[in-house]
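Accompanying notes for the structure given below.
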Amino acid sequence: MGLEMAVEKAAELLNTAVKPVMVAQAAFLELADACGYTVAVTPSAKGMFPENHPHFIRTYWGTVSTAFCGETVAIADASIFAGASLNDMETVGYSLTYKKNKAIMVESDRVVFPNGLSFGPILMKDFLRALTKWLKPNLTAYENYR
């Protein structure tokens with residue numbers, strides 16, 4: 001039941017966004033293919049998502065992000081961070097500019113929403129697979145990036 005509620009809430013936020021993005025640490029190719037969102041990785045996740053994927057926009061690393069990647073994530077009106085470890089090294093002194101009040105944090109065993117609402121235990125892979133069926137395709141952020 002927690003999985004269903006978390007997926008429904010995430011789909012509601014992401015489906016109403018104009019420029020949603022995904023920042024991945026774990027490979028979630030099926031979800032990326034289904035929704036068409038842009039995908040960035042954190043530095044520690046290099047190699048965990050195929051860099052030849054058509055919507056891959058490189059490394060999100062705060063003020064030293066790959067060209068236009070940081071800006072794309074910063075202007076997103078919803079984001080989903082899967083497995084991202086946002087420590088001081090990953091964030092270049094916590095310089096990430098994503099909208100924290102519009103970010104869904106998917107951890108290995110729980111899903112945390114911007115308002116602090118948390119669902120768990122839910123395995124990341126189960127959540128991402130279930131969410132794949134709920135999201136509407138949205139290429140706006142990628143088109144802006146391109």
Side-chain angles (χ1 to χ4, degrees), residues 1-62 65-87 90-91 94-146:
M1 185 171 166
L3 173 61
E4 290 173 15
M5 291 174 64
V7 167
E8 188 174 334
K9 183 158 182 58
E12 179 184 316
L13 175 65
L14 294 165
N15 284 333
T16 59
V18 176
K19 301 176 296 254
V21 300
M22 300 183 345
V23 179
Q25 182 169 16
F28 53 87
L29 189 55
E30 184 181 337
L31 179 59
D33 287 341
C35 66
Y37 298 174
T38 59
V39 178
V41 295
T42 57
S44 65
K46 292 280 292 158
M48 293 186 165
F49 189 85
E51 295 188 8
N52 62 348
H53 189 275
H55 295 150
F56 181 65
I57 62 169
R58 309 279 178 248
T59 306
Y60 181 55
W61 199 2
S65 294
T66 306
F68 303 110
C69 178
E71 295 86 347
T72 300
V73 174
I75 66 168
D77 56 344
S79 55
I80 180 167
F81 283 72
S85 109
L86 301 179
N87 59 36
E90 287 284 301
T91 64
Y94 299 99
S95 70
L96 301 185
T97 57
Y98 70 95
K99 292 178 176 80
K100 293 166 185 65
N101 64 337
K102 298 285 186 171
I104 300 166
M105 307 307 273
V106 184
E107 299 173 1
S108 60
D109 64 351
R110 72 182 182 142
V111 181
V112 182
F113 289 87
N115 62 2
L117 186 60
S118 176
F119 293 92
I122 296 172
L123 294 178
M124 182 187 304
K125 66 181 177 87
D126 294 340
F127 175 77
L128 297 175
R129 278 193 190 121
L131 186 59
T132 297
K133 298 171 186 146
W134 280 71
L135 293 184
K136 301 173 197 166
N138 186 333
L139 305 173
T140 306
Y142 182 72
E143 290 167 357
N144 285 344
Y145 168 79
R146 202 172 48 155

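Since this is a predicted model, take the numbers as computed values, not measurements. Note that these values count all heavy atoms, side chains included, but never hydrogens, waters or copies made by symmetry.
- For the side-chain hydrogen bond (donor to acceptor under 3.5 Å, both in side chains) test, residues two or more places apart in sequence or in another chain that qualify with T140 are N138.
- Scanning both residues, H55 and Y37, for their nearest heavy atoms gives CB-O, 3.4 Å.
- For D109, there are no side-chain hydrogen bond (donor to acceptor under 3.5 Å, both in side chains) partners, not counting sequence neighbours.
- Partners of S108 by side chain to side chain contact (heavy atoms under 4.5 Å, CB included), not counting sequence neighbours: none found.
- For residues 12-23, there are no side-chain hydrogen bond (donor to acceptor under 3.5 Å, both in side chains) pairs, not counting sequence neighbours.
- For E4, the salt bridge (Lys or Arg N to Asp or Glu O under 4.0 Å) criterion is met by no residue, not counting sequence neighbours.
- Inter-residue side-chain proximity for N144 and T72 is flagged as unmet; no heavy-atom pair is nearer than 4.5 Å.
- For E8, there are no side-chain hydrogen bond (donor to acceptor under 3.5 Å, both in side chains) partners two or more places apart in sequence or in a different chain.
- Under the side chain to side chain contact (heavy atoms under 4.5 Å, CB included) criterion, A34 pairs with T132, not counting sequence neighbours.
- Between V18 and D77 the shortest heavy-atom distance is N-OD2, 2.7 Å.
- Qualifying side chain to side chain contact (heavy atoms under 4.5 Å, CB included) partners for E143, counting only residues two or more places apart in sequence or in other chains: L139, R146.
- Across A82 and F28, no two heavy atoms sit closer than the pair CB-CE2, 3.6 Å.
- Not a single donor-acceptor pair under 3.5 Å links the side chain of T59 to the backbone N or O of T42.
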Donor-acceptor contacts, no H, no angles, side chain residues 111-125, under 3.5 Å, sequence neighbours left out:
from : atom 1 : to   : atom 2 : distance (Å)
N115 : OD1    : L117 : N      : 2.9
S118 : OG     : R110 : NH1    : 3.4

